[in-house]
Amino acid sequence: MSTVAAQASSAAGGGLSDVASSEASLRRFLHGLPGVDAVGLEARAATLGTRSIKTTAKAYAIDLAISMIDLTTLEGADTVGKVRALCTKGRNPDPTDPTTPRVAAICVYPDMVATAKAALNGTGIQVASVATAFPAGRASLPVKLADTADAVAAGADEIDMVIDRGAFLSGHYLSVFEEITAVKEACKRPDGTAAHLKVIFETGELQTYDNVRRASWLAMLAGADFIKTSTGKVAVNATPPVTLLMLEAVRDFKEQTGVQVGVKPAGGIKTTKDAMKYLVMVNETLGDDWLSPHWFRFGASSLLNDLLMQRQKLTTGRYSGPDYVTVD
């Protein structure tokens, strides 16, 4: 058992069932987690970032990265036509090469879920929708739950919610926990199934690595299916050290509970080289169990184009350039 998992078990009295029974017990648990060694974390992330992937391994990694992308459009100027075009690209990223994998999901605002669902019918590509007053999360709980329920009713397979960073930073951990559990409940469908819940921390606003570790455990205790770094709407989004810390958290959580949780870095991941660094990090920290779109995603809009250009270069020996891939 890792140090973090051991201390988590000790802090929880050998189990996690009563951790969120009160504000005091939840605070005691979260503040009982070991402090993050920032120097060590950043050094390990930097070291993993130097690993090189070449030839057949690189080709495999590029295809894997494409299959892990949540292809995203989250703009006020989104139109039905733009969403349909994005779905077409997700279904067939490189029209010149039918062996190119499909992306994992198309991520849109709730009012565009029905459009994406219709465009992706029968493809196996998931429809993800941001909810809970994304990206700021500044709305009442009933509004957030209605936002979630609306997206699920329209056909969303996945919900990406944002936590109340103000409440978290003020130490109101139980409030954040209860909001996540309420959104998780709102993800349920009448037939008993449920949309998967990704919980976004907006790590660039959490101020410290210790807060990222606490937010990770808090979300997982509340039932998150995925934990996600960022909305992509602030100055600092996904970074290798923060993502590594979250990967370690899901590893320790599974060790303690037996429950596997996915991880999604989002925002600022734009190149094949960036994606390879993250895949190495996943492999070295979690192993093959997480090297799948079921457990690891990239939140990205421009990453796919670079992956396609690098894939074409490996296939043809020529670097096609950006004019040969569609612009989102």
Side-chain angles (χ1 to χ4, degrees), residues 20 23 26 30 70 72-76 78 83 105-117 126-207 211-212 214-234 237 246 261-264 266-267 297 299:
E23 186 76 70
L26 187 56
L30 294 176
D70 283 4
T72 303
T73 183
L74 298 171
E75 303 297 336
D78 285 344
V83 170
I106 301 294
C107 186
V108 294
Y109 277 115
D111 65 318
M112 290 293 178
V113 167
T115 297
K117 194 72 175 178
Q126 304 293 288
V127 175
S129 180
V130 296
T132 64
F134 177 97
R138 302 254 56 92
S140 67
L141 181 57
V143 170
K144 292 180 179 181
L145 298 181
D147 196 27
T148 302
D150 181 57
V152 173
D157 302 295
E158 302 171 358
I159 294 295
D160 290 31
M161 72 166 286
V162 288
I163 66 166
D164 184 337
R165 282 86 76 193
F168 181 88
L169 291 170
S170 299
H172 301 312
Y173 301 132
L174 189 58
S175 172
V176 178
F177 177 92
E178 289 175 343
E179 185 167 281
I180 296 171
T181 59
V183 174
K184 176 87 171 179
E185 185 70 19
C187 287
K188 291 183 178 178
R189 306 184 185 98
D191 65 0
T193 62
H196 280 201
L197 179 62
K198 305 194 198 85
V199 178
I200 308 169
F201 303 146
E202 201 69 286
T203 52
E205 296 183 344
L206 292 189
Q207 302 173 356
N211 277 341
V212 174
R214 290 169 188 148
S216 297
W217 277 84
L218 175 60
M220 292 187 291
L221 288 168
D225 297 300
F226 262 76
I227 54 176
K228 177 179 171 182
T229 61
S230 325
T231 64
K233 301 295 187 181
V234 298
N237 293 290
M246 291 167 62
V261 176
V263 178
K264 178 180 173 180
R297 298 280 182 84

- Is there side-chain contact between T229 and N237, with at least one heavy-atom pair below 4.5 Å? no
Residues 142-149 side chain polar contacts: donor-acceptor under 3.5 Å, at least two apart:
unit_1	atom_1	unit_2	atom_2	d
K144	NZ	G137	O	2.8
K144	NZ	E179	OE1	3.3
K144	NZ	E179	OE2	3.0
D147	OD2	T132	N	2.9
D147	OD2	A133	N	3.2
T148	OG1	K144	O	3.0

- Using the test ring-ring contact (aromatic ring centres under 6.0 Å, His included), find all partners of F168 that sit at least two apart in sequence or belong to another chain. Y173
- Quick one: which of L206, V176, T203, I200 gives a side chain to side chain contact (heavy atoms under 4.5 Å, CB included) with R165? L206
- Would you confirm whether S170, through its side chain, and G166, through its main-chain N or O, come within 3.5 Å as a donor-acceptor pair? yes
- Task: Any chance you could measure L74, atom CG, to K233, atom NZ, to the nearest 0.5 Å?
- Result: 5.5 Å
- Message: With a 3.5 Å distance limit and no angle check, can you tell me whether K198 reaches the backbone of A128 through a side-chain donor-acceptor pair?
- Response: no
- Message: Tell me the closest heavy-atom pair linking V113 and A151, and the distance in Å.
- Response: CG1-O, 3.8 Å
- Are the side chain of S129 and the backbone N or O of V108 linked by a donor-acceptor pair below 3.5 Å? yes
- When rounded to the nearest 0.5 Å, the distance separating CG of L197 from CD1 of I180 is 7.5 Å
- Task: Side-chain contact test, heavy atoms from C-beta onward, threshold under 4.5 Å: evaluate it for L141 versus E178 and give yes or no.
- Result: no
- Message: I'd like to know whether D160 forms a side chain to side chain contact (heavy atoms under 4.5 Å, CB included) with F134, so could you lay out the CA-CA distance, the side-chain angles of the two residues, the decisive distance to 0.1 Å, and finally the verdict.
- Response: CA-CA 9 Å; D160 290 31; F134 177 97; 5.9 Å; no
- Passes side chain to side chain donor-acceptor pair (under 3.5 Å), D70 versus T72? Steps please. CA-CA 6 Å; D70 283 4; T72 303; 6.0 Å; no
- Message: Under the rule for salt bridge (Lys or Arg N to Asp or Glu O under 4.0 Å), what residues qualify as partners of R138, not counting sequence neighbours?
- Response: D164
- Task: For the residue pair E202 and V162, establish whether any side-chain heavy-atom pair is separated by less than 4.5 Å.
- Result: no
- Item | Backbone N/O of G223 and side chain of K184: donor-acceptor pair under 3.5 Å | yes
- From CA spacing to verdict: salt bridge (Lys or Arg N to Asp or Glu O under 4.0 Å), E158, R297: CA-CA 12 Å; E158 302 171 358; R297 298 280 182 84; 2.7 Å; yes
- Item | Contact check, side chains of V127 and I106, non-hydrogen atoms, under 4.5 Å | no
- Task: For K117 and G155, indicate whether the former's side chain and the latter's backbone hold a donor-acceptor pair under 3.5 Å.
- Result: yes
- Item | Q126 CD to C107 SG distance, which is reported to the nearest 0.5 Å | 12.0 Å
- Query: When you measure from the side chain of T181 to the backbone N and O of A222, does any donor-acceptor pair fall under 3.5 Å?
  - Reply: no
- Report the distance from atom CG of D150 to atom OH of Y109, rounding to the nearest 0.5 Å. 14.5 Å
- Does the side chain of L26 reach to within under 4.5 Å of the side chain of L218, using non-hydrogen atoms? yes
